[in-house]
Undergrad: 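Here it is: the structure, laid out below.
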Amino acid sequence: MAERGAPMEAEILDRVQESPSLFTLRLRLTDASLQSAYSFDPGQFNMLYLHGVGEIAISIVSDPREADTIDHTIRAVGRVSKGFAALKTGDRVGLRGPFGRGWPLQAAEQHDVVIITGGLGCAPVVSVINYVSQRRERYARLNILQGVKHSADFIWRERYDRWRALPDTRVLLAADAGDALWPWHIGHATDLFGQLDFDPMNTVVMMCGPEGMMHRAVQHMRKAGVPAADIWLSMERNMQCGTGHCGHCQYGGMFVCKDGPVFPYDRLQSLFGRTGF
Amino acid sequence: MENVADCFLARPDLQQLFDALLARDYDVWGPVARDGSIVFESVESVDMLPVGLIDQQDPGAYRLQETGNERVFDWTNGPQALKPMVFRPEVTLWEVARDAAGGLRFREPARPAQKRAVVGVRACDLAALYIHDRHFLQGESPEPDYRAQRQRLFLVAVNCTRAGNQCFCASTGDGPQARYGYDLALTELEQGFLVHAHSDAGRELLSALPTRAATAAEVSDAEKSVRVAAEQQRALPSRDLRDALLERLDHPRWKETAERCLGCGNCTAVCPTCFCNQEMDQPSLDGGHSEHVRQWDSCFSPDHGYIHGLRLREDTAGQYRQWLTHKLATWHDQYGRSGCVGCGRCITWCPVGIDLVEEVQALLREDAHG
Amino acid sequence: MTTRAINIQVPTLSRVEGEGALDLDIAGGQITGVRLRIYEPPRFFEKLLEGRDYGELPDLEARICGICPVAYQLTAVQAVEAAFCVDIPAPVQALRRLMYFGEWIQSHALHMHMLAAPDFLGCTTIFELQAQQPAAVARGMRLQDFGNRLMRWLGGRSVHPVGVCAGGFHGRLQVEDLPSLCADAEQAWQDSAALVSWVCGFNLPERQQRFQQVALRPEQGYPITGGQMISSDGLSIEADAFEAHFEEQQVPYSNALQARLHGEPYLVGPLARVNLNLDRIPEEVLEPLLATSIRFPSANPYHSIVARALEIRLAVYEARILLAADWETQSYCAPVTPRSGAGYAATEAPRGMLWHGYRFSETGSVESARIVPPTSQNQARMEADLASGLTEFGLDREEHELRMEAERIIRNYDPCISCATHFLDLRIRRRPSAAF
Amino acid sequence: MVGRPRIAVHKFSSCDGCQLAFLNLGSELLALSELVEVVHFAEAGACDESAQVDLAFVEGSISTRRDEARIREIRKCSNFLVTLGACATSGGIQALRNHADADDWKQAVYAKPETIDSLAMSTGIAEHVRVDLELWGCPVSGAQVLAAIRQLLFGVLPRSNREKVCADCKRSGQVCVLVTGGAPCLGPVTRTGCGALCPQFGRACYGCYGPADSANTPAMAQRLLGLGLSAAEAERQFCRIHSHSPDNERAALILRSDA
Ligand SMILES: Cc1cc2nc3c(=O)[nH]c(=O)nc-3n(C[C@H](O)[C@H](O)[C@H](O)COP(=O)(O)OP(=O)(O)OC[C@H]3O[C@@H](n4cnc5c(N)ncnc54)[C@H](O)[C@@H]3O)c2cc1C
Ligand code: SF4
Ligand code: SF4
Ligand code: SF4
């Protein structure tokens, strides 16, 4: 990649409110040649810039085949992301990227795939599921396990219904607490691990979510016999630059922005689960 | 030990070094005594150098003392290495203007191009510069401002002939003699300087100086004083402390030290290899224009390990452990060596005098091992 | 003539520094009571200074007033130096004058443009004035900024500067800033001439009042950092004799003490200074005034604003000279050794004379402190001016007119209520004379 | 905030210095007045204290019964409330009386103390009403205030800054006055904002921006003793502009029991 430079200008083509705090921005670089040169792997991210306010790291959720738009699903949590939430179609933002290393989607071909997410809907994984479901024939059994705190946090129900209808695909949903209309499991997502259908020696696990949740899921997968190198996690750390210079995203000896954000568990093992890193 | 130098420059001719650099359009920087310490500033004349001054360094204390002699490089170091010149404390990375229709025009600022010579650089400073080169330049996306600043430099190193009280560069393998990364190196002797060129630009400059070949006695004198400086130093227990420290993440010492640590980040600011930085916008009042600025940051800042709703290192013990284990342990994973070049700055410039060498010793002491 | 008892409350007097209120009793067509109520909460400064080290005084005392912190700092350090018998070298004295003049320029320019000028130009805020007279406002802000720059140069910031200490200044003088300061001073010199002419063109009411005036008078030059205390009635004393002649009284309706000289109200501030030190103002400074009909000494309180404009010009005049001196990148500070005893100092704050008196212990710790700020000295005079000024204005005017005139009279003194101890809340009670 | 937000500047017990952060802005003040509508700012001539505003700035501490009632009314009519300066955030210098007997003090300064309405304590605004943003500093600087307003105009919160003065001190290339001269510098426990002014003047920081986030004031207190200050001298370092802030009170308490 070239020298780190200033952001490129992008236009918001569309804005979809997914839930009260979650929204998707469909962007296109205003310079057509930059847009056509832009390519990425699922799991990579961009630094999105809000004029005068700042930059934040946001995963790319569109399919790499969609060459003329770049989608981001953003949760409005703090100062910059809430600022993004106020933008409308036609507004301009800055974009630098793509950065980092994405999901092992090629390596996972012909393998069983287990996708585990937790917390409040996890955009990076949704892009993986979309990717796999678009190319369903290349992968063996597909398992999707998602846990939410409360059934009301569950979004994209129709997508899950669509995925459930895919061949050889299992969708397991759990809510720690749920209302009467929640047809699925009430309790921890970990309770459902037993229902996953995969061959431990021929599986690629991909997960994303709160580290505590990922920690439990990793333990389970390891116990089930999945090699550490086949369990992939998407990590989140404070990020200022995205290019491995600012030092904020260090996790032990790794820079999450350039060595990750997606890591095989064997690289994280020595520190994973420990606070302070 | 490789030849310390080949030429001899008499003390009264030192000005000619400055003149030769000025004549080649260098902005010449060198050591000056200011505010009770030695700092690098623009220097045109040898009169501005810290003649007859040495530094007495203790944990949390720095004092300049007069020796009464004529030597100009007997001080060992001040709070700054080359870091502020290449990895600048604050710099505009890019600017953006928003037009009336909301369009954003991004622009990178012009970077300075004038050549800059720095006289008085130490071996540890060069080692640290090399580490920063790896960090800022040799990855996938080189950093433009660092590159611009770096390319300007002409470095005149000085081999240390006196060890500072907090120096331990011999134990990290980075000094006291400059081995790489410089253009000219000086070793100060009673009557003058041995000069050694290490680059084409250095050789060209050397040819313009009124030197003569150094005598064998001068060379051995120089070698000896550098060797003595090395022998006088303190030492870290090992060059590779990676595993030893990572095995001790639950050592009680972390918490004990945190009681004294002010979390002020001075250690990271003076450390010549610390590279953390933060980015922020500085918009104009009308909001039409904004500068995106990069500033030195520190892993001791509460916002360093912040991800929404969570401070990864919520207490000083966690911050101190992050600092020390990064510097001395996980740095090996990143750059194949420790991040410490043995300059001792973090010890001297810590307002409460927390001593890195002593901390490592305490962590390694088996009896205290939790 | 009013025959009903009316009680009007006007909650806010704006464009003054601090919080206060005014009660006015009008009975039988005459003013029977004027009470300037200052209810800005007291901050007990004199008390909180006790037990503090002399070295802390500049930082603590600056907080008495954000508008004139330099006045407090420089008065305090001079009282310290008087107590410890420290000789202050001439260059330090010159730099102090320069910094103090910076504060005059800042404070006067702020008062004239933001607080007072709207009164004479038919608007209520600087923003309205900006719409009417953008060039005058820009000029005023340039001047204010020049004053701020002088203070920043010597003190790092203009509000609660950090550069002043007993003996002189902290740090080394930044001589590299001099060329641009000198350039700004030249611009300010031009601006100050235009300022004087501008102010003289205001429709200032004609008033003639008799009042006692007090100002400092140094051996030479215009008063600012010290001098003898003199009055229009012939008083001439040193700062240490202040307490023998001036007394402070508490009035039940106010949180600020009122000072009197020999039992009488008196005026301090720009008008008193110009009136008593006219011979000390250089001709070049007076020049723009000569083209107008206004002359000093003046008994018209409304000429205070002209006096302020003149003082800005004078301050710029001196600043040009002071900046042109031979300054070096070095420390300007005399050594100070504490000793026990008393120390007094009086200086000319922008609003008038400021007096400090302390007793120190052997180690230089404050045993007692007394501070008399200009606004509490002017309080009684303001009440007297209100009584005669409003009567001259016409007491049977509409209440809102009376209120505005009263506010204008008060504002003319540029009272700094934070110093004295902000918003004037004016109550007029009118009663038929029969009620008495 | 869309359109031109309405702003108010209120004053309580203070030196007026923080309001000067506006009045000393020069041409930027005029530029600001195009961006916002100044509804209440008595010192600048706009008076409508009870008007509903988008953004209220409050200077000064609460130190009288009247103040207590006033600040509650102001909170009711302000969407977003920002405190300006030491007085409004921690009670300011006048909070030194919180440690003394306030009645005693009144008696010493005023002959008829019974007519003075003054509470025993001088306290910051957040002790009375909800505060949305605190700008520390004695005084706050114009740059600080403008930066906050600009971000609020963009519709976002200002960036948090939890660094210590030392961070700015080193970035600006100052030489540490504590390490080279043993000066009792409070930089390591004081929040940034001033740009490390005092060290630039070769003197120790006296803490006018208040204790930083996670200020280890007890360790600082020990260090001051180590530099040769007496316990009483060290205590005074913490009892100055922000004596009423918990971190300073903690250090002062330790030192008092030392003395
Ligand atoms: C590789 C990567 C991919 C991400 N992808 C997405 C995504 O697709 N959708 C999404 O909603 N969020 C994503 N995040 C998280 C997102 O970056 C944060 O939610 C965002 O930075 C919060 O910024 P804020 O200013 O709104 O929050 P504040 O809490 O106000 O945070 C202040 C500042 O801290 C930093 N910061 C805070 N939280 C994070 C964080 N979690 N990660 C990195 N920096 C942080 C930022 O610099 C931020 O501006 C991703 C994070 C990473 C590291
Ligand atoms: S860790 Fe300390 S001794 Fe090592 S290079 Fe950094 S400052 Fe110098
Ligand atoms: S001078 Fe003060 S603020 Fe600066 S580094 Fe030293 S301790 Fe910190
Ligand atoms: S250095 Fe400290 S005391 Fe000085 S201005 Fe800054 S915060 Fe205030």
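Each chain gets a letter, A, B and so on, in the order its sequence line appears, and its residues count up from 1.
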Undergrad: Taking the ring of A:His245 and the ring of B:Phe136, is the distance between their centroids below 6.0 Å?
TA: yes

Undergrad: Please classify the contact of B:Arg242 with chain A as side chain, backbone, both or neither, using a heavy-atom distance under 4.5 Å.
TA: neither

Undergrad: Using a strict 4.0 Å threshold on nitrogen-to-oxygen distance, state whether B:Asp250 and A:Arg274 make a salt bridge.
TA: yes

Undergrad: Answer with side chain, backbone, both or neither: which region of B:Thr325 has an atom nearer than 4.5 Å to a non-hydrogen atom of chain A?
TA: side chain

Undergrad: Measure distances from B:His308 to the heavy atoms of chain A and classify the residue's part below 4.5 Å as side chain, backbone, both or neither.
TA: side chain

Undergrad: For the candidates A:Glu55, A:Gln250, A:Arg92, A:Glu11, which exhibits the highest count of non-hydrogen atom pairs separated by less than 4.5 Å from chain B?
TA: A:Gln250

Undergrad: Hey, could you give me the CG/CG distance between B:Asp303 and A:Asn238, rounded to the nearest 0.5 Å?
TA: 8.0 Å

Undergrad: Between B:Gln322, B:Glu314, B:His304, which residue shows the highest count of heavy-atom pairs closer than 4.5 Å to chain A?
TA: B:His304

Undergrad: Taking all atoms of both residues into account, what is the closest heavy-atom pair of B:Phe106 and A:Gly94, and its distance?
TA: CZ-CA, 3.7 Å

Undergrad: If we define contacts as heavy-atom pairs under 4.5 Å, which of B:Asp333, B:Leu249, B:Asp297 has the most with chain A?
TA: B:Leu249

Undergrad: Find the one option among A:Gln240, A:Glu236, A:Lys258 whose heavy-atom pairs under 4.5 Å with chain B are most numerous.
TA: A:Gln240

Undergrad: Count the heavy atoms of every other residue, nucleotide or ligand shown that sit under 6.0 Å from NZ of B:Lys115, and state whether that count exceeds 12.
TA: yes

Undergrad: Counting only heavy atoms closer than 4.5 Å, note whether A:Val77 contacts chain B via side chain, backbone, both or neither.
TA: both

Undergrad: Can you see which heavy atom on B:Glu108 is nearest to which on A:Ala6, and at what distance?
TA: OE2-N, 3.7 Å

Undergrad: Please flag which part of B:Arg147 lies under 4.5 Å from any non-hydrogen atom of chain A: side chain, backbone, both or neither.
TA: side chain

Undergrad: Given a strict heavy-atom distance threshold of 4.5 Å, which part of B:Asp315 is in contact with chain A: side chain, backbone, both, or neither?
TA: neither

Undergrad: Heavy-atom pairs under 4.5 Å with chain A are the metric here; pick the option from B:Gln282, B:Glu143, B:Arg311 that has the most.
TA: B:Glu143

Undergrad: Do B:Glu140 and A:Arg101 meet the salt-bridge criterion of a basic N to acidic O distance under 4.0 Å?
TA: yes

Undergrad: Any side-chain heavy-atom pair from A:Cys246 and B:Gln278 closer than 4.5 angstrom?
TA: no

Undergrad: Out of B:Ile307, B:Asn277, B:Thr330, which one racks up the most heavy-atom pairs below 4.5 Å with chain A?
TA: B:Asn277

Undergrad: Should we say atom CD of A:Gln219 is surrounded by more than 12 heavy atoms from elsewhere, each under 6.0 Å from it?
TA: yes

Undergrad: Is there a side-chain contact between A:Glu9 and B:Val96 in this structure, where contact means two heavy atoms from C-beta onward sitting under 4.5 Å apart?
TA: no

Undergrad: For chain A, which candidate among B:Arg321, B:Met280, B:His332 shows the most heavy-atom pairs at distances under 4.5 Å?
TA: B:Arg321

Undergrad: Which atoms of B:Tyr335 come close to chain A, meaning under 4.5 Å heavy atom to heavy atom: side chain ones, backbone ones, both, or neither?
TA: side chain

Undergrad: Do you know which of B:Gly103, B:Ala317, B:Gly318, B:Ala101 has the most heavy-atom pairs under 4.5 Å to chain A?
TA: B:Gly103

Undergrad: If you define the side chain from C-beta out and look only at heavy atoms, does anything of A:Phe277 sit under 4.5 Å from B:His326?
TA: no

Undergrad: What is the minimum heavy-atom distance between B:Ser290 and A:Gly52, and which atoms define it?
TA: OG-CA, 3.7 Å

Undergrad: Please check if the number of heavy atoms outside A:Gln106 that lie under 6.0 Å from its CD is greater than 12.
TA: no

Undergrad: Restricting to non-hydrogen atoms, name the atom on B:Glu279 and the atom on A:Cys241 that form the minimum distance, rounded to 0.1 Å.
TA: OE2-CB, 3.3 Å

Undergrad: How close do A:Gly247 and B:Phe275 get, counting heavy atoms only, and between which atoms?
TA: CA-CE1, 3.9 Å

Undergrad: Considering only heavy atoms, which portion of A:Met8 lies under 4.5 Å from any heavy atom of chain B: side chain, backbone, both, or neither?
TA: backbone

Undergrad: Answer yes or no: are there more than 12 heavy-atom neighbours, outside A:Phe40 itself, under 6.0 Å from its atom CZ?
TA: yes

Undergrad: Please state whether the side chain, the backbone, both or neither of B:Leu312 comes within less than 4.5 Å of a heavy atom of chain A.
TA: both

